Amino acid sequence: MGGKFITLEGIDGSGKSTQLRMLTGELRQLKYDILTTMEPGGTPLGRRLREAFLETEETVAPIAELLLFAADRAQHVEFLIKPALKENRIVISDRYADATYAYQGAGRGFSKEMVNQVIEIATGGLKPDLTLFFDLPVGKALKRTSKNDESDRKNNRMDTEESDFYVRVRDAYLELAERDSNRFRIINADQPVEVVHSDVVKIVTDFLGD
Ligand code: TMP
């Protein structure tokens with residue numbers, strides 16, 4: 001398949017969504033054909049799922065949560081990501097399957113085997129070409145999400161998790177990055193926004209230039 005598939009990952013409050021906006025602006029100026037998207041919620045069905053199982057106060061069973069993230073992803077891969085890659089576009093997604101390893105695997109405690117199987121079914125084996133992991137200490141990330149609560153960011157059920165949940169999620173991301181070091185780049189997200197932005201632009205333009 002042509003095109004390039006880039007994903008952004010990080011714990012909540014890592015600043016990746018802001019960085020995605022800034023990166024997209026920069027790449028479009030450089031005349032790259034970019035499709036930006038997100039999980040969950042990259043398709044109309046995904047947006048309805050997101051509202052139904054994430055932006056709710058209803059208790060959601062962990063297994064239902066795992067399968068709903070997978071359902072969102074299956075729809076996303078089939079109707080948005082694969083068609084765009086076929087048209088040789090650059091797809092940049094705010095989260096993808098690594099989030100399920102980190103949040104549902106390490107965070108909720110599902111086994112790696114089970115998470116692997118579910119991801120394989122949902123994606124048909126489609127993996128990103130490049131993944132940026134925005135890393136910063138959990139304490140600092142949590143301070144940012146509580147600040148953001150006063151902004152227009154919609155709260156989601158994950159915001160109520162304690163810091164040890166996020167410590168497990170962050171450690172899992174770091175382990176994934178170490179295991180798959182060809183695909184992952186770890187970004188120090190504990191720096192001023194503009195500095196993070198220039199790190200991101202360098203990594204992505206180097207990658208796309210290859
Ligand atoms: P967002 O706020 O970055 O859009 O992410 C939504 C929340 O969903 C965030 O807390 C991470 C979580 N999430 C998972 O738990 N598993 C997943 O597979 C994905 C894509 C997101």
Side-chain angles (χ1 to χ4, degrees), residues 5-14 16-17 20 37-82 91-128 131-135 138 141-142 144-146 148-149 153-180 183-184:
F5 182 26
I6 300 173
T7 58
L8 272 50
E9 299 282 357
I11 58 173
D12 299 64
S14 63
K16 67 183 165 41
S17 307
L20 176 57
T37 182
M38 67 193 287
E39 286 194 4
T43 62
L45 173 62
R47 282 188 278 286
R48 293 206 299 279
L49 288 175
R50 181 180 176 112
E51 250 182 65
F53 83 98
L54 202 57
E55 292 162 3
T56 175
E57 281 170 18
E58 181 176 351
T59 305
V60 178
I63 184 66
E65 178 184 281
L66 172 69
L67 295 171
L68 285 159
F69 278 119
D72 167 76
R73 184 163 304 132
Q75 184 81 356
H76 194 207
V77 166
E78 188 66 25
F79 292 113
L80 204 88
I81 301 175
K82 274 192 183 165
V91 178
I92 309 183
S93 183
D94 187 342
R95 297 194 187 281
Y96 185 63
D98 296 308
T100 301
Y101 284 109
Y103 281 81
Q104 281 62 54
R108 298 280 188 236
F110 286 108
S111 71
K112 284 188 182 149
E113 294 69 32
M114 183 160 172
V115 171
N116 249 329
Q117 269 186 347
V118 170
I119 289 175
E120 193 62 31
I121 292 167
T123 64
L126 179 72
K127 291 203 169 61
T131 297
L132 308 182
F133 172 57
F134 291 84
D135 188 39
V138 168
L142 289 181
R144 288 189 188 175
T145 48
S146 59
N148 283 348
D149 277 348
R153 174 180 179 272
K154 272 201 185 162
N155 289 358
N156 73 57
R157 283 187 302 105
M158 300 292 175
D159 293 336
T160 59
E161 292 300 334
E162 301 292 336
S163 73
D164 58 343
F165 176 89
Y166 285 105
V167 168
R168 291 199 300 280
V169 172
R170 179 190 181 204
D171 287 349
Y173 272 128
L174 288 170
E175 194 189 311
L176 284 167
E178 197 177 319
R179 240 194 298 146
D180 203 351
R183 170 165 69 89
F184 269 90

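Here the structure is a predicted model, which is why all the values come from computation and not from measurement.
Closest of all the heavy-atom pairs between Ser163 and Leu142 is CB-CD1, 3.5 Å. Residue Leu54 comes nearest to Pro40 through the heavy atom pair CD2-CG, 3.7 Å, listed as atom of the first residue, atom of the second, then distance. The shortest heavy-atom contact between Thr123 and Val77 is O-CG1, 4.0 Å. In terms of heavy atoms, Ser93 sits closest to His76 at OG-CE1, 3.7 Å. Nearest heavy-atom pair across Ala106 and Ala172 is CB-CB, 3.5 Å.
Ring pair Phe184/Phe133: centre-to-centre distance not below 6.0 Å. A centroid separation of 6.0 Å or more is found between the aromatic rings of Tyr173 and Tyr101. Close placement of the Phe5 and Tyr96 rings is indicated, their centers lying within 6.0 Å of each other.
Note that CG of Asp98 is 5.5 Å distant from OG1 of Thr7, once rounded to the nearest 0.5 Å. Atom CG of Asp171 is separated from atom CD1 of Ile11 by 10.0 Å, given to the nearest 0.5 angstrom. If you take OH on Tyr103 and CZ on Arg108, they are separated by 10.0 Å, rounding to the nearest 0.5 Å. Here the CG-CG distance, from Leu49 to Asp72, works out to 6.0 Å after rounding to the nearest 0.5 Å. Atom-to-atom distance recorded for Leu126:CG and Glu120:CD is 10.0 Å, nearest 0.5 angstrom. Rounded to the nearest 0.5 Å, atoms CD1 (Ile92) and CD1 (Ile81) are 12.0 Å apart.
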Ile121/Val118 under side chain to side chain contact (heavy atoms under 4.5 Å, CB included): CA gap, chis, key distance, verdict: CA-CA 5 Å; Ile121 292 167; Val118 170; 5.6 Å; no
Start with the C-alpha distance between Thr37 and Asp94, add both sets of side-chain angles, then the distance that settles side chain to side chain contact (heavy atoms under 4.5 Å, CB included), and finish with yes or no. CA-CA 6 Å; Thr37 182; Asp94 187 342; over 6 Å; no
Worked verdict on Lys112 versus Glu175 for salt bridge (Lys or Arg N to Asp or Glu O under 4.0 Å): CA-CA 13 Å; Lys112 284 188 182 149; Glu175 194 189 311; 3.1 Å; yes
Is there a side chain to side chain contact (heavy atoms under 4.5 Å, CB included) between Asp135 and Leu174? Walk through the geometry before answering. CA-CA 8 Å; Asp135 188 39; Leu174 288 170; 4.0 Å; yes
Show your working on side chain to side chain contact (heavy atoms under 4.5 Å, CB included) between Glu161 and Asp12 and close with a plain yes or no. CA-CA 11 Å; Glu161 292 300 334; Asp12 299 64; over 6 Å; no
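Remark: the backbone N or O of Phe53 is not paired with any side-chain donor or acceptor of Thr56 at under 3.5 angstrom. Between the Arg50 side chain and the Gly41 main chain, no donor and acceptor come within less than 3.5 Å of each other.
Between Arg183 and Asp180 there is a salt bridge, with a side-chain nitrogen of the basic residue lying less than 4.0 Å from a carboxylate oxygen of the acidic one. The pair Arg170-Glu9 fails the salt-bridge criterion, with no side-chain N (NZ, NE, NH1 or NH2) lying under 4.0 Å from an Asp/Glu carboxylate O. Taking a cutoff of 4.0 Å between a charged side-chain nitrogen and a carboxylate oxygen, Arg73 and Glu39 qualify as a salt bridge.
No option in Glu57, Glu51, Glu55, Glu65 other than Glu65 meets the salt bridge (Lys or Arg N to Asp or Glu O under 4.0 Å) test with Arg157.
With a 4.5 Å cut-off on side-chain heavy atoms, Leu66 and Met114 count as touching.
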